[in-house]
Amino acid sequence: MIVGIDLGTTNSLIAVFRDGRPQLIPNTLGDFSTPSAVAIDETGKLIVGLAARERAATDPARAAQAFKRWMGTERTVKLGDKAFRAEELSALVLQALKADAEAFLGEPVTEAVITVPAYFNEAQRRATRTAGELAGLKVERLLNEPTAAGLAYGLQDRPDNSTFLVFDLGGGTFDVSVLEYFDGVVEVRASAGDTRLGGEDFAHAIGKLFIERCGALSLADRERLQKDPALWWRAAEQAKRDLSERDTATMGLMLDGRRAELELTRADFETATADLLQRLRRPIERALQDAQLSPSALDEVVLVGGATRMPMVRQMITRLFQRLPLRTIDPDQAIAQGAAVQAGLKARDAALDEVVLTDVMPFSLGVITSQQVGQQRIGDRFSPIIERNTPVPVSRMERYCTVSDNQKVVELDIRQGESPLGSDNLHLGKLDIEVPPLPAGDAAIEVRFTYDANGLLEVDVRDVQGGRTASTLIRNTATEMSEAQIAEALLQLRALKRHPREEEENRYLVERAKRLYEDRLGEQRNAIQAWLSEFEQVLDAQDPRAIRQGRQRLREALDSIDGGFRF
Ligand code: AMP
């Protein structure tokens, strides 16, 4: 059976194509979304999903989240006494989804279509394939997320030359893509976005309003809340979601046993986030420009990503495009559904092809320079040659001059990153070139950077007066695992101890109770402590019926003080 998987930064989903339509598969808690979170508990056992997200709140050193952001890099994170790469953590999430699908379908799941952002480069794509392999899945295909959204909305059933704009606003990232369908092929004609903008920024704005305006807060409270957003983000998130449904909402927080509240209107929220809304416009304009399309030429605008539930986002899109966007599919589920459509096509041997014309370089590439300002020389300036998010392949040239009299050599220090300080950015390589000895500023060099879709950076430098040249090739700005590393990772993942699947809900409730205990004070704390002890006793007795009843009691008790919302 081939499944479709949306391996997301915050949440992941798995779906299958059955009875002529995509169907989402629930996890052991009955949810379609499984948080992309992994933790190792104090007994060394693995926790994945919602329980791991709860654990991240009480014990961040044992939990990892948002690792999709460092796919294809060498970065590792230590959980307990083991270090994990992003591929391995992603593999653990994929394994959990695979197990859910096998339990649901009653048959082994061995093949998958996995979605990736359109801007993922080759190394990030290979890392995603490796994650699948580590999870015991043959990755039939990697599908671009916007293409998956297009398939969920039936782009493949439209006439040739149909174009869709996919607007994807998730928790932490924003992507806009223009798709075109022609003769069984979907083409990503342009993609643009902002990897540092998402629904979380909108919740943050509510938190800031609360700190500013809530009358019940002392100066010390405000300082504490400003320093530690973990104290209020859930309450802000809840208020944000309430404001998607209603005109007013109350953000409420327990602080040292006191309740502080602020009543918010949708208008307050919209005023406080006007700048964020504005930032959503530029990538839309860029994607349309790159695809050489006007808003009216598009056949459909599709909304995906949970944060498109905010009415102001939908209104902005409606105004901008002068039409209602498509949003009949749950915006959290469209990508997984599209992956399942592709899996279904594949199973019938009728797979849809896909080409990506516009791949983008996700980081700025440049060199370190010095500047002469009056008498003073300021070193360690980063001078970008290829700016972040430039479509690739790309070739750009910059000209630089010497800074000392009779300077004989220019040493190029090639870096990748976004800091104005050169040394803060990742060092990629060095290239020296000799120049004729002339007064400072008279000898010039031309530096050309050429970057291709395989992550190869070619650096050519020419001394303008003398005509000498030098060049170097820098392979892959990201790294991938070797065969030996993959084999070793497989062993390490197999050796991890796991809780039995049927215990997952118990684990989640215990982690949630611990998180609430940390949150609360006084009587509520005592109550949580008592519920937790009672539940642990029930678990120890190992009577399945009693465990079911105890679980129900604990769930209701926790819901009574926590609203029962899961995020
Ligand atoms: P995704 O990464 O697509 O799952 O999107 C998650 C983002 O959607 C988070 O920032 C959520 O806060 C946001 N979100 C989910 N539901 C709502 C809602 N009803 N109103 C506003 N934002 C929401």
Side-chain angles (χ1 to χ4, degrees), residues 5-15 24 27 31-37 49-50 53 56 65-69 90 93 97 115-118 144-146 148-149 152-153 166-177 193-209 229-230 232-251 264-266 268-270 272-273 276-277 279-280 302-317 325 327 329-339 563-567:
I5 297 178
D6 169 5
L7 184 60
T9 310
T10 17
N11 291 301
S12 294
L13 296 91
I14 185 163
L24 284 146
N27 60 23
D31 299 331
F32 291 136
S33 278
T34 297
S36 306
L50 200 56
R53 177 167 296 169
Q65 300 188 82
F67 30 84
K68 181 170 170 180
R69 286 190 187 276
S90 305
V93 173
L97 297 173
T115 59
V116 290
N144 288 302
E145 287 163 7
Y153 277 102
V166 178
F167 178 100
D168 180 355
L169 188 62
T173 58
F174 171 47
D175 299 302
V176 185
S177 313
D194 188 334
T195 51
R196 305 249 163 262
L197 178 60
E200 282 153 22
D201 298 295
F202 287 80
H204 204 89
I206 291 192
K208 263 175 61 189
L209 270 185
W232 50 260
W233 80 261
R234 271 171 199 277
E237 177 71 31
Q238 179 71 67
K240 178 182 77 175
R241 291 182 189 221
D242 290 346
L243 283 173
S244 292
E245 310 301 320
R246 294 190 293 276
D247 281 340
T248 60
T250 306
M251 172 165 166
L264 287 161
T265 65
R266 224 181 238 180
D268 294 332
F269 181 39
E270 291 177 6
T273 53
L276 296 175
L277 205 66
R279 276 171 65 193
L280 296 172
V302 171
L303 298 189
V304 295
T308 58
R309 290 202 182 89
M310 289 185 289
M312 63 172 137
V313 171
R314 299 203 305 258
Q315 284 154 7
M316 188 265 275
I317 296 286
R327 50 179 206 93
I329 301 176
D330 183 320
D332 292 319
Q333 300 176 356
I335 290 173
Q337 288 202 14
F565 225 110
R566 286 177 178 174
F567 41 64

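Ligands are counted one by one from 1 in listed order, and the atoms in each one are counted from 1 as well.
Note that CG of Leu7 is 7.5 Å distant from CZ of Phe67, once rounded to the nearest 0.5 Å.
Summarising the geometry of Leu280 relative to Val313, their closest heavy-atom pair is CD1-CG2, 4.4 Å, with the distance given to 0.1 Å. Considering every non-hydrogen atom in both Ala203 and Lys240, the closest pair reads N-CD, 3.8 Å.
Taking Asp168 as the reference, Glu145, Asp175, Val304, Ile335 meet the side-chain contact (heavy atoms from CB on, under 4.5 Å) condition, with sequence neighbours excluded. Not counting sequence neighbours, the partners of Thr10 by the side-chain contact (heavy atoms from CB on, under 4.5 Å) test are Arg53, Glu200.
Pairs of residues two or more places apart, or lying in two chains, that qualify as side chain to side chain donor-acceptor pair (under 3.5 Å) and include a residue from residues 303-315 are Arg309-Asp330, Arg309-Asp332.
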Which N or O atoms of ligand 1 sit under 3.5 Å from a protein N or O, and how far apart is each pair?
from, atom 1, to, atom 2, distance (Å)
ligand 1, 2 (O), Thr10, OG1, 3.3
ligand 1, 2 (O), Gly171, N, 3.1
ligand 1, 3 (O), Gly306, N, 3.0
ligand 1, 4 (O), Asp332, OD1, 3.2
ligand 1, 5 (O), Gly171, N, 3.4
ligand 1, 5 (O), Gly306, N, 3.2
ligand 1, 8 (O), Ala307, N, 3.0
ligand 1, 10 (O), Lys240, NZ, 3.4
ligand 1, 12 (O), Glu237, OE1, 3.3
ligand 1, 12 (O), Glu237, OE2, 2.3
ligand 1, 12 (O), Lys240, NZ, 2.6
ligand 1, 14 (N), Gly306, O, 3.4
ligand 1, 16 (N), Arg309, NH1, 2.9
ligand 1, 20 (N), Ser244, OG, 2.6

